[in-house]
Each structure stands twice: as structure tokens, then as C-alpha cells.
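Input: a single structure, listed below in C-alpha cells.
Below, chains carry the letters A, B, ... as their sequence lines are ordered, and counting in each starts from 1. Computed from heavy atoms alone, side chains included, the values below leave out hydrogens, waters and symmetry copies.
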Amino acid sequence: MPRYDVIVIGARCSGASTGMLLARQGYRVLVVDRSTFPSDVISTHFLWPHGTSYLNRWGLLDQALAVTPAHTEVTFVNDGIPLTGSVPDELLRAYFRDWHGDDTGVVRSYASIRRHVLDQMLVEAASKAGAEIRTNFTVRELITEGEQVVGVRGRTSDGRLVEERARIVVGADGRNSFVARSLGLPKFDERPRCTFAYWSYYSGFDLGPAQLHRRGRLACAVAPTNHDQNMVLVWGPSEWSREFRRDVPGNFQRALDFVSPELGEVVRTQGVRAERIYGTLDQSAFLRPLAGPGWVLVGDAESAKDQCTAIGMTHAFRGAELVADALGRWLSGDVSLNEAMTTYESRRRSQNAAAYYDYVCTLAEMRPYRHDELQLFVALRGNQQEIDRFVATHADIAPVSEFFQASNLLLLNDAAKESSAGYPVFDDFPTTARMYQQNLFA
Amino acid sequence: MSLPELDQRDDDELIETILAAADRRDLAAMAVAAAEVSEMTRNWATHIPWDEFDSLDEIALDEVIADLTQMWEPVNLQVDADEEYALDKNAYDFYRPVGRNLMTRTEEFHGWVEARRRTETWQYSRTLEAAPNSVAQITNDIGRRTRGINFNSQDYLSFNTHPAIREAATKAMRDYGPHSAGSPMVLGNTRISDELEASLGELVRAEQVTLFPTGWAAGFGAMAGLVRQEDHVLIDRLAHSCLQQGARATTRNVVRYEHLNVDEVRRHLVDIRRRDSRNGILVVTDGLFSVDADWPDLVTLQRVCREHDATLLVDVAHDLGSMGPGGTGVLGMQDVLGDIDIVMGAFSKTFCSNGGFVASASPALKQYLKMFGGSHMFSNALSPVQTAVVLEASKIIRSAEGDLLRSRLHTAVTALRDELIGHGLTCMGEPSPIVPLLIGNEKLARIANRLLFDRGVLAFMVEFPVTPTGSSRFRLQVQANHEPDEARAAARIIADAITDARTYLSSAFGSTQR
């Protein structure tokens with residue numbers, strides 16, 4: 001009999017949450033991570049309302065919001081066309097009923113929580129739930145018996161090599177997953193086109209709720225986060241990254257000024273940068289197989305996507321709840337492991353999940369909005385219900401297919417209350433569209 | 001925790017430095033630069049041995065260079081541009097074209113269609129080379145021909161090859177000629193038009209029947225005739241396009257309710273009646289939904305409508321004739337014959353011809369629609385040949401032979417569904433002449449469809465605007481002439497094509513329940 005029921009590799013959003021949920025069910029759980037917490041990691045750390053709802057379901061939201069600002073409204077400005085909305089309660093409830101069979105703990109607010117705050121909180125919660133946490137622990141090898149993964153070999157904080165065994169090993173170790181690499185797991189549905197993203201932290205201004213701006217092939221966002229700071233983020237097509245990198249601070253400001261002159265002005269004149277500028281290009285999307293003999297993947301390890309819809313942490317929480325539920329039903333003897341994993345997999349690979357994956361990957365190509373897409377944003381104005389549903393769709397709370405349905409789009413167009421006359425982007429659109437193709441940083 | 005210092009070098013610059021040092025095999029310089037890399041990046045790229053650069057051997061060094069390069073250089077963007085463009089877009093991407101010249105602004109859409117034609121992923125505008133039966137020969141729109149088991153025709157009871165139907169058409173041709181004599185309100189009708197109205201009235205048990213030249217004209221005309229701009233329309237999200245466009249053309253007060261959700265209809269009716277006690281409300285649904293193969297609870301829906309003085313319209317285009325006792329469709333299955341306010345249908349499915357109808361118990365409504373529906377008064381009438389075909393079809397549908405044909409149809413439907421499900425595929429809805437095989441991802445569906453063309457199965461792939469985006473499917477339309485073995489063979493071919501399409505796209509998504 002192995003010493004643990006479950007070993008979880010990785011103690012961040014998906015790993016610590018999975019460990020916590022399984023420990024709460026009374027299973028013997030070991031969670032290991034290379035890092036020592038508190039600890040940061042490349043992340044734009046945004047939690048959509050379903051993300052904060054998961055924290056609330058797990059009893060952790062109050063603690064998070066005690067140190068993190070939260071809001072319900074978010075503003076999108078696409079080529080000067082603003083849309084402000086928030087996710088409707090009934091869509092959030094429908095989401096939780098659909099994915100998890102119950103809608104307890106639903107809240108409508110979102111929050112951008114720094115990872116050194118959130119990850120530590122999750123690790124502490126997992127520990128409090130009874131999971132054994134070993135930080136500064138480097139997994140060197142998966143132990144296998146035949147095809148079956150049965151445990152891990154790793155180096156502890158004091159340099160000793162140890163072996164631990166469990167009935168199942170959970171790979172919650174991110175897009176560069178050691179577990180996936182060791183098992184030689186293939187990637188499916190790879191989407192090489194993605195965004196480069198650069199961000200940092202600024203004090204000196206308070207713009208209220210989060211705002212996302214998009215113009216041509218570039219975008220920027222500002223979201224209030226911990227320590228009375230704002231995360232300011234710019235992103236664009238990865239093809240332009242080489243030129244962007246030649247002068248990161250200069251191009252960061254140039255991108256802000258291009259996409260939103262107002263935001264650029266605030267950051268330049270009032271902003272006090274508190275840290276270096278962080279960046280990443282390595283965001284191409286992929287899927288990996290979810291489970292096999294003695295192992296299961298969760299979080300970015302099983303499906304990573306571009307940051308452009310800021311869904312990663314929220315999906316990590318969703319995956320944690322799904323996988324903890326599936327493993328719990330197997331460990332309690334209710335169902336076979338195969339049956340449990342089939343349920344997990346059918347949800348993570350459902351039609352709606354596939355459609356959202358396509359949606360993110362298409363957005364991540366950062367092609368300029370076409371005339372018709374911009375007209376749709378104009379058509380949405382004055383129709384708060386549909387703006388809210390668009391926000392919910394963007395955040396993967398409502399199915400993409402229901403918003404982008406012929407009868408809905410055509411109806412929206414017919415019922416448009418506003419004309420495109422007031423928006424300069426439409427004045428000489430072909431010239432603007434050509435200009436958008438030029439690399440701003442070249 | 002101490003926050004990082006501002007004057008530290010950016011990770012970009014550091015990694016560039018590390019890669020340059022790696023080229024020189026200068027491990028010490030690599031280690032020095034690595035020490036400055038931010039905690040964020042180190043924690044994220046745990047596969048890079050940041051702390052061990054000074055002790056790497058040659059093989060490990062090459063791996064590190066490969067991993068770092070992959071992280072920090074733009075990824076490989078080489079793809080077949082034509083195929084990518086063809087597969088990535090959806091029709092809705094072109095709904096709002098740019099520019100004030102109505103003719104030139106159609107070019108962008110045309111460019112996409114051409115890319116899809118070149119890559120043979122355009123499923124529309126194929127041509128029949130001979131009379132369609134359970135097997136058919138077709139040519140695609142770039143001139144390639146194929147022959148296969150035919151699930152692409154909507155001839156549910158195989159009337160196209162039925163001797164009595166063909167004889168009725170021939171007789172009408174002899175008696176009346178091709179006959180294009182004008183609107184039915186003028187002199188377009190013949191004696192058999194009256195006979196057809198009577199026969200249809202008996203079939204749906206609503207004797208006041210109006211004929212229209214197409215099914216679309218019937219649906220659109222019913223809406224345009226009845227609904228005024230102050231009125232309200234509650235329409236199932238997935239109701240047929242002629243009804244959706246009819247609703248949009250007549251009033252801005254349109255609510256699209258969740259598919260089949262009667263509770264939501266009730267809530268909307270309460271809400272509308274609270275605000276508006278003066279104007280009309282038309283509730284619109286299909287009998288059998290042609291892309292999901294399911295149907296509403298008509299008993300409750302009609303009762304809820306009456307409770308709020310709303311009128312119910314049900315489109316029975318796909319189920320009438322091919323399902324239910326005596327071919328009475330979903331109405332007969334739910335025992336609401338003669339009880340639905342307005343029934344409309346089309347002859348292009350089971351009845352083997354063009355045309356459509358609207359039926360009710362009200363002579364007043366009939367006369368009003370003829371005058372104000374637009375598509376009745378101002379369109380040419382059904383031709384005598386079409387009328388005769390539909391009339392003969394309606395007689396067979398109600399006969400013992402109709403029962404036999406429906407039974408054969410059902411046997412083929414069951415064989416097809418069972419075999420597809422046995423291959424792990426997802427058949428939506430309930431057993432009916434339409435078997436929707438869910439694929440989801442448009443790219444997967446388009447590639448599978450391309451493969452199927454040459455493999456002996458004719459199937460119609462539907463995507464936006466027929467289905468919502470991300471839920472494309474094959475709409476397999478079964479006929480009474482399909483032998484069960486033929487259906488099972490087709491299912492195996494389809495399953496193989498989907499598997500191969502997934503391999504081609506390296507996709508983990510598909511209709512298999514994984």
C-alpha cells in the first residue's frame with residue numbers, strides 16, 4: 001500500500017487547489033513544488049467571476065479580497081468603440097450547474113491577484129486541509145512499474161534524494177510540465193500564432209475597474225491589483241516581438257500611446273513603476289492527453305492557451321475541481337479510475353471547450369478587427385443585455401456558440417440603436433486597415 | 001518578500017546574453033546571466049536548469065539552447081496560407097462588408113469562398129448527375145465527380161423513385177402542360193389545388209389551408225401577414241431561417257428563447273403581458289428541428305400560449321409525412337392534431353416537390369394571409385405538376401403503404417444511428433429522418449467532409465449560419481430506400497473519415513466521447 005493516495009506535482013493554481021480539495025475529502029495527499037512560497041511566476045493573474053467564484057466555493061475569497069481590489073464591471077474599447085458590462089448572475093449559475101452540477105458560491109466580481117499572494121494562500125489552504133506540502137522539492141524522475149506511474153523520485157530542500165509512492169500522480173506543473181515531458185506526451189491542436197505580452201506594476205493612479213483596449217494588432221490593459229498598484233499590460237502579434245524587444249521600456253510606452261493615448265498619458269505622467277518589465281513570447285496553445293496509467297494532468301499542463309482572454313488561472317481552478325471530484329469518486333470506490341477519467345476528459349474536451357479554445361487561438365493571432373466586427377461592437381452598444389452576454393462569452397462563462405449564432409447576430413444588427421457615424425475608425429477604413437498591418441516597432 | 005529592483009536587466013536581454021554565451025560554449029557567462037533572470041521566469045520555465053549552467057555537458061547544453069530558443073524566438077509561423085484561411089474563417093466573418101459600393105464590397109467574401117473551393121472544403125453548390133436515390137452521383141463545384149451512398153437528399157420516403165408519384169407528375173403534365181398562369185389569387189390555381197388543400201387539411205386536421213410556392217414563402221409570408229411592428233414574436237433560437245428572418249422583417253420586438261424551453265416562454269409571456277395588453281404575440285417553433293433532431297413539448301406550449309392570449313405557430317416541414325401515426329408528424333405523436341393555432345409546412349422534404357402551406361381552423365385567417373402575406377398573392381402559384389406530386393404524396397402518406405415506408409425509414413435510421421454511436425460518435429436528438437452527427441470544430445468537419453467526398457458517402461456538412469459556430473455537424477438525411485446494411489457501411493466510412501481528419505489536423509477535439 002503506497003504511503004499517499006495522491007502525489008501532486010506543482011503547488012500553484014491547479015496543483016495546490018487539487019491537493020486542497022482532495023485533502024478535504026480525507027485523502028492522503030502530498031504536494032511538491034520547486035519553489036518556496038511566497039513566489040511569483042510569469043502570469044497576468046486575472047480571475048474572471050467564475051475564478052473568484054471557485055475561491056468562494058472553497059472558502060478562500062474573503063481572505064483574497066481583504067488584500068485585493070475587486071470589481072464587477074469591465075470596459076472593452078475596440079478601435080475607440082467602448083463597451084462596458086459585467087457577467088450576469090444567471091449565466092454564472094448556469095455555468096456552475098453545467099460544469100459541476102451545483103451553483104453554490106457564485107459571485108459576480110473579478111480580481112487581479114498577484115501570484116505571490118494567491119499561490120501562497122492556496123498552499124496554506126492545502127496544508128490546513130491536511131495535505132503535506134514540500135516546497136523547494138525538485139522532482140527528478142517519475143517511478144514507473146511497467147506502464148504504470150507509481151511515484152516520484154526527487155531532491156528535498158536539504159539536498160537528499162527521496163522516493164515517494166502514491167496510487168496516482170497529478171501533473172499540475174504548467175505548460176512546461178515535467179510530467180508531460182517525462183512521459184513523452186504529444187501535443188495536439190498546436191496553434192503557433194500567439195501574442196507577445198509585456199507588463200509591469202505601477203502606483204500613482206487609480207482608474208477603477210479593469211479596462212482593455214485594442215487598436216489594430218496591438219492591445220493594452222490595466223487592472224488594479226495588490227499593494228495599491230495596477231498591472232499595466234501590452235500585447236501584440238508574436239511576429240512583431242523581435243522588434244519590440246530592441247527597446248522594451250520605450251516600446252512599452254509607445255504601444256500604450258498608440259492603443260490608448262489616454263491610458264498612455266496617465267501611465268507616463270502619473271505612473272510610478274515599481275518593478276522591472278516582464279515579458280513572454282512562449283504562449284502558443286496546445287492540448288495534451290489528459291490521463292493515463294497512474295497519472296493525470298490538470299491546468300496548463302493539459303491545455304495551455306494565450307493570455308489574451310486572461311483565462312488561465314480560472315481554467316486551472318475549474319480543472320482542479322473537476323479532477324478532484326473525479327479522483328475522489330474513484331478513491332472512494334464509487335467508480336473505476338477509467339470511468340472517472342472518462343468523465344473528466346469528456347468535460348474538458350466538450351464541444352463548448354473546443355469552441356472556446358478556437359476563440360482564444362483566433363483572437364491571439366491579433367489580426368486587426370474587420371469592418372464587420374467593429375460594426376458588431378457598435379451594434380451592441382445600447383443593448384446592455386447583449387453586451388453582458390458578450391463579456392460572459394469572452395470570459396468563457398457563456399458558450400461561444402450561443403452568442404455567435406446566426407439568428408442572434410442578425411437580430412443584433414437589425415436592432416442596433418447606434419450608428420457607426422460617430423466613430424473615426426470608420427471614416428477611411430481601408431487606409432486605417434492598411435496602416436494597422438505595419439509593424440509599429442520596426 | 002523583497003520586490004525586484006527596477007535597474008535589473010529585462011529577462012529578454014538576459015536570455016539573449018545566455019544564448020550568445022551558449023554559442024561560445026562559455027558556461028560561466030551563462031551562469032552569471034542566469035543568476036539575474038527574474039523569479040517569475042525561472043518559476044515558469046522550470047524545464048530550464050537555471051542554476052546548473054556551469055556544469056552542463058555537451059548534450060545537455062544543446063537541449064538548453066533548443067529550449068531557450070523555442071521560448072524566446074517567435075514560433076514557426078509557416079503554414080499553408082490558403083488552407084489556413086479556408087479553415088479559419090466562418091461565414092459570419094463576412095456579414096458586415098466594408099465600403100459604400102455594394103458591388104465591390106462582396107469581394108472579400110468571394111476571396112474566402114475561392115480559397116475554400118481551391119482546398120475542396122466548400123460543401124455547397126454540388127450538382128446531381130442523375131435521379132437521386134439511396135445512392136447518387138454528384139459533381140462538386142470544381143468539377144470532380146463521385147458516387148456514393150446518399151444522405152444528402154431530403155427525400156425521406158423515397159418518393160422520387162415512386163411509380164405513382166412519377167405517374168401523377170406525367171398525368172398533370174399531359175392535362176395542364178407546364179402551366180405558369182400567375183398568382184393563385186388571379187388564375188394560377190387548378191382544380192387539383194383545391195383537392196390538395198383539402199387533403200392537407202385532413203392530414204393536419206386544420207381545414208383552412210393556404211398554399212405557397214415555396215416553404216420559405218409560407219413561413220415568411222405567415223409572419224409578414226400576421227405580425228405588425230407593435231406586436232411581439234417569441235421564437236425558438238433554432239427555429240428555421242424563414243421564420244427568423246420573417247420575425248426580424250416584421251417587428252423589433254423579437255425575443256429568441258432558449259431552444260425548447262417552455263418555462264422561458266412562459267416567463268416572457270408574463271413579462272410582455274404585464275407591459276402590453278393591447279398587441280399580439282406570436283410564439284414560433286419547429287415541429288422537428290432540422291439540425292438538432294429534437295422537438296418541443298407542444299401540449300404545454302399551446303396551453304401556455306392560450307393562457308396569455310398568444311398565438312402558436314409550428315413549422316412541421318421536416319416531420320409531417322415521415323413520422324408519427326399516419327404520417328401526422330410530431331403533432332400526431334403528441335396527440336395535438338387539430339389543437340395547434342397555426343401549422344405551416346414545406347413540400348420539399350417528404351412530399352418530393354416545391355411549395356409550402358399554412359393551415360388553421362380559421363377561414364378569416366386564411367383569407368387574410370392570402371391577401372396580406374405577400375408571398376401568396378404576389379408569387380406565381382405552384383405549377384400543376386408540383387401540385388399533383390404533392391397531392392399524390394399526401395395520399396400515399398395517409399395510406400397503409402405510407403406506414404410501411406415509414407417503418408422501413410425507421411429501420412434504416414436505427415441502423416445508422418446505432419452504428420455511428422458504436423463507433424463512439426455523437427448522434428444528436430431523437431430517431432427521425434434527420435440524423436445530426438455532431439463534429440463541433442469547423443476545421444475538423446471541413447476536412448472530414450473533404451475526405452468523405454471520395455470515399456463513397458454523400459453527406460451534407462452544416463456550419464454557420466445553419467448551426468452556431470463551433471457546433472458544426474453532418475446532417476444525414478435518411479430515406480425509406482436505404483437498406484440497413486447500406487446505412488451501417490456508410491457509418492463505418494464516416495467514422496474512418498473523422499478519425500483521419502483528426503490525425504490530419506492533430507486535433508484532440510471531435511465528436512468522440514473521450
Side-chain angles (χ1 to χ4, degrees), chain A residues 34-35 38-43 116 173-174 176 178 181 188-190 192-194 238-239 241-242 245 248 273-282 284 287 342 345-346 349 351-352 354-355 357-358 362 370-372 375-376 400-402 404-411 413-415 429-430, chain B residues 1 3-6 8-13 16 38-41 43-47 70-77 79 88 90 92-99 235 237-239 241 244-245 248 252 254 256 438 440-442 464-471 505-509 513-514:
Chain A
R34 294 168 68 112
S35 303
S39 160
D40 260 327
V41 64
I42 289 277
S43 167
H116 60 254
D173 48 351
N176 297 309
F178 169 81
R181 283 163 182 262
F188 297 111
D189 255 324
E190 285 189 84
R193 290 173 192 267
C194 60
S238 56
E239 302 101 282
S241 58
R242 189 189 299 271
R245 287 211 303 260
V248 170
R273 179 150 68 88
E275 295 183 26
R276 70 167 96 177
I277 298 175
Y278 304 98
T280 170
L281 277 65
D282 187 13
S284 55
L287 310 169
T342 304
E345 185 159 11
S346 68
R349 295 291 182 265
Q351 293 305 318
N352 284 342
Y357 183 82
D358 267 350
T362 307
R370 293 182 315 275
H371 197 268
D372 58 282
Q375 280 185 319
L376 175 64
V400 169
S401 63
E402 283 189 12
F404 293 99
Q405 196 171 59
S407 53
N408 194 46
L409 294 177
L410 305 186
L411 191 69
N413 192 66
D414 293 350
F429 190 77
Chain B
M1 178 191 146
L3 292 173
E5 295 300 321
L6 265 180
Q8 281 181 307
R9 287 186 285 172
D10 288 328
D11 291 327
D12 283 345
E13 193 183 338
E16 203 173 358
S38 78
E39 182 203 17
M40 280 198 185
T41 294
N43 286 337
W44 186 63
T46 50
H47 58 308
Q70 191 182 328
M71 266 179 66
W72 234 249
E73 285 295 316
V75 284
N76 178 12
L77 298 167
V79 283
D88 269 1
N90 283 303
Y92 82 82
D93 294 332
F94 304 94
Y95 177 63
R96 295 174 186 80
V98 55
I235 184 163
R237 274 182 189 280
L238 303 185
S241 182
Q244 302 281 357
Q245 291 210 13
R248 291 162 49 218
R252 284 193 166 196
V254 181
R256 300 159 55 258
L438 185 64
N441 185 305
E442 283 82 7
F464 186 96
V466 182
T467 65
T469 56
S471 58
L505 289 171
S506 170
S507 175
F509 291 122
Q513 289 294 335
R514 293 163 60 87

request  = Could you tell me whether the side chain of Thr46(B) reaches within less than 4.5 Å of the side chain of Asp173(A), counting heavy atoms only?
outcome  = no

One option among Asn352(A), Leu409(A), Val400(A) has the most heavy-atom pairs under 4.5 Å with chain B, and it is Leu409(A)

So, the part of Ile235(B) with a heavy atom under 4.5 Å from chain A: the answer is neither

So do the side chains of Val254(B) and Gln244(B) get within less than 4.5 Å of each other, counting heavy atoms only? no

Of the listed Ser38(B), Ser241(B), Gly470(B), the one with the largest count of heavy-atom pairs under 4.5 Å with chain A is Ser38(B)

> Quick one: are Glu39(B) and His116(A) in side-chain contact, heavy atoms under 4.5 Å?
Replying inline: no

Applying a strict 4.5 Å limit to non-hydrogen atoms, the region of Phe429(A) in contact with chain B is side chain

Most heavy-atom pairs under 4.5 Å with chain A, out of Arg256(B), Gln245(B), Glu16(B), Glu442(B), belong to Arg256(B)

If one checks every heavy atom of Arg252(B) against chain A at 4.5 Å, the contacting part turns out to be side chain

Pair count under 4.5 Å, heavy atoms only, with chain B: among Ser43(A), Ala355(A), Ala354(A), highest is Ala354(A)

Q. Got Asp282(A) and Trp44(B) here, is their nearest side-chain heavy-atom distance under 4.5 Å?
A. yes

**Prompt:** Are the charged groups of Arg276(A) and Asp11(B) less than 4.0 angstrom apart, N to O?
**Reply:** yes

Bottom line for Leu287(A): the part with an atom under 4.5 Å from chain B's heavy atoms is side chain

With chain A, the option among Pro468(B), Ala45(B), Ala239(B), Ser471(B) that has the most non-hydrogen atom pairs under 4.5 Å is Pro468(B)

(Q) With heavy-atom distances below 4.5 Å as the criterion, would you say the side chains of His47(B) and Met71(B) are in contact? (A) yes

Okay, Asn408(A) and chain B: the region with an atom under 4.5 Å from a heavy atom over there is both

For Thr469(B) and Asn90(B): C-alpha separation, side-chain torsions, deciding distance, then whether side-chain hydrogen bond (donor to acceptor under 3.5 Å, both in side chains) applies.
CA-CA 8 Å; Thr469(B) 56; Asn90(B) 283 303; 5.5 Å; no

